[in-house]
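Since the structure comes first, as structure tokens, the remarks are kept for the end.
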Amino acid sequence: MDNQNTNSILKKLQLEELGLLTELDRVCRKHKLNYYIVGGTLIGAVRHKGFIPWDDDIDVSMPRKDFNKLCKLSKTEFGEKYFFQTHKTEKNCSFHYAKLRKNGTYFGEEKFEHQSFHKGIFMDIFPLDYIPENKLLQKLLFKGFGLFSGLISSKDKSDEYLFKNKSGLFVFILKCIRCITPKFLLQAFRSLLTKLSNLLANKKLLASFSGFHGYPKEIAPALWWADGTELTFEGKSVMAPKEYKTLLTHMFGDFMELPPEEERITHNVDLQKIVFDGATVEDYKPKINKKRIRKNEYKVTP
């Protein structure tokens, strides 16, 4: 596919995702819920006043309290045009976070092609949890969360990164745990860790356990988030962390500097296979019937 056609499809995809962000913004403002654009979406707002030109998704975060309220409101606030996806709204979904998807569309990420669940064009919504100031506790909570997430993903055959660079004995023990422990119980243990984190915390630090960067970059002072501030994104006013520049520097360093062209990559998705209208349940059925082996986790370079 030539560059012109690729850029045209990417622009169309970004427009659909902007519609999802606009819908989320509407619901959150209506019910006075805090949300913040984060990651590449936040960099795009600051550096480009919109999408990073090569970015193909939108990420937001929400304090746990607001995230839980949104999950309850999703049953009535998002109409037939949208699907609010969590492990509670769709049996085969194992995410600890949520995705707001557009019905009738298809956006097939390679690592999920062998699974059967809604795969419409989406935006990610990550919960923010309070976390203790003790660094040992922080590491243990992140390690535990990663372990349970890895066991769940491995059970779903989404990837096998859990076993990478591990000793034979340790791999054997993990596979035994995976084999005898039901997925719902692994999910319950994972959720229990985030509840424990909130219980032990003094509400000075917030953490995104599901965030890409992991410990310690996904931890930041709660004051950096606060009630947020408004930024312009593709001509629309959206919410960002109050100290967004400090937060971006903490996570990315010099976020205003453009990366080399060879690092300007998107998700591992064939843009030509994206369906913008008329996708059905058939499009969401498995296309690969084998385990996915995670090599290098892909991401958009900001």
Side-chain angles (χ1 to χ4, degrees), residues 28 33-39 42 59-74 84-89 93-99 124-156 158-159 161-162 174 177-178 181-228 239-244 246-248 250-252 297 299:
C28 288
L33 303 180
N34 285 318
Y35 83 89
Y36 320 92
I37 55 172
V38 294
L42 180 55
D59 296 319
V60 307
S61 289
M62 299 182 70
R64 173 64 68 178
K65 182 179 178 181
D66 296 303
F67 178 85
N68 289 344
K69 287 181 180 178
L70 182 69
C71 289
K72 293 179 181 178
L73 289 167
S74 66
F84 191 81
Q85 185 181 49
T86 68
H87 70 276
K88 292 183 179 180
T89 62
C93 169
S94 299
F95 311 134
H96 181 67
Y97 52 99
K99 288 179 181 282
D124 288 323
I125 306 170
F126 298 102
L128 292 167
D129 292 288
Y130 287 112
I131 193 168
E133 291 185 273
N134 183 282
K135 294 190 182 301
L136 178 59
L137 271 177
Q138 291 175 359
K139 290 178 182 178
L140 289 173
L141 287 165
F142 265 86
K143 286 284 187 183
F145 185 91
L147 176 63
F148 286 119
S149 294
L151 286 167
I152 293 166
S153 294
S154 179
K155 210 171 183 69
D156 287 338
S158 294
D159 47 55
Y161 76 93
L162 179 67
L174 288 176
I177 294 173
R178 178 185 68 178
T181 311
K183 187 167 76 169
F184 79 88
L185 199 53
L186 292 172
Q187 291 173 326
F189 285 143
R190 182 174 63 180
S191 295
L192 186 61
L193 279 177
T194 60
K195 291 177 181 178
L196 182 63
S197 181
N198 283 286
L199 184 65
L200 296 174
N202 57 9
K203 298 189 176 182
K204 290 185 178 181
L205 297 174
L206 282 170
S208 177
F209 285 102
S210 299
F212 177 83
H213 297 277
Y215 177 84
K217 287 192 174 183
E218 292 289 354
I219 298 175
L223 290 175
W224 290 4
W225 300 89
D227 291 330
M239 298 305 297
K242 182 180 179 182
E243 302 293 337
Y244 60 88
T246 307
L247 183 64
L248 285 176
H250 166 68
M251 297 193 74
F252 298 97
E297 176 67 60
K299 65 172 181 174

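For H213 and F252, the ring centers are positioned less than 6.0 Å apart.
We find the CG-CH2 distance between L247 and W224 to be 6.5 Å, quoted to the nearest 0.5 Å. Taking NZ from K135 and CD1 from I219, the interatomic distance works out to 7.5 Å, rounded to the nearest 0.5 Å. How far CG of L70 is from CG of N34: 12.0 Å, rounded to the nearest 0.5 Å. For the atom pair CD1 of I131 and CG of L205, the computed distance is 7.5 Å after rounding to the nearest 0.5 Å. Taking CG from L128 and CZ from F209, the interatomic distance works out to 10.5 Å, rounded to the nearest 0.5 Å. Between the CG atom in L193 and the OG atom in S149 there is a gap of 9.0 Å [rounded to 0.5 Å].
Between the side chain of T89 and the backbone N or O of T86 there is at least one donor-acceptor pair closer than 3.5 Å. The closest donor-acceptor contact from the side chain of H96 to the backbone of P127 lies at 3.5 Å or more, if one exists at all. The backbone N or O of A207 lies less than 3.5 Å from no partner atom in the side chain of D129, so there is not a single donor-acceptor pair. Not a single donor-acceptor pair under 3.5 Å links the side chain of S153 to the backbone N or O of G150.
The heavy-atom pair separating K183 from S94 by the smallest distance is NZ-OG, 3.2 Å. Listed here is the closest heavy atom pair of E218 and F212: OE2-N, 3.3 Å. Pairing each heavy atom of L33 with each of M62, the nearest pair is CB-CE, 4.1 Å. Summarising the geometry of F95 relative to H87, their closest heavy-atom pair is O-ND1, 3.3 Å, with the distance given to 0.1 Å. Nearest heavy-atom pair across A226 and K242 is CB-CD, 3.8 Å. Considering every non-hydrogen atom in both P221 and W225, the closest pair reads O-CD1, 3.4 Å.
A tilted orientation is assigned to the rings of F189 and F148, their planes being inclined by 30° to 60°.
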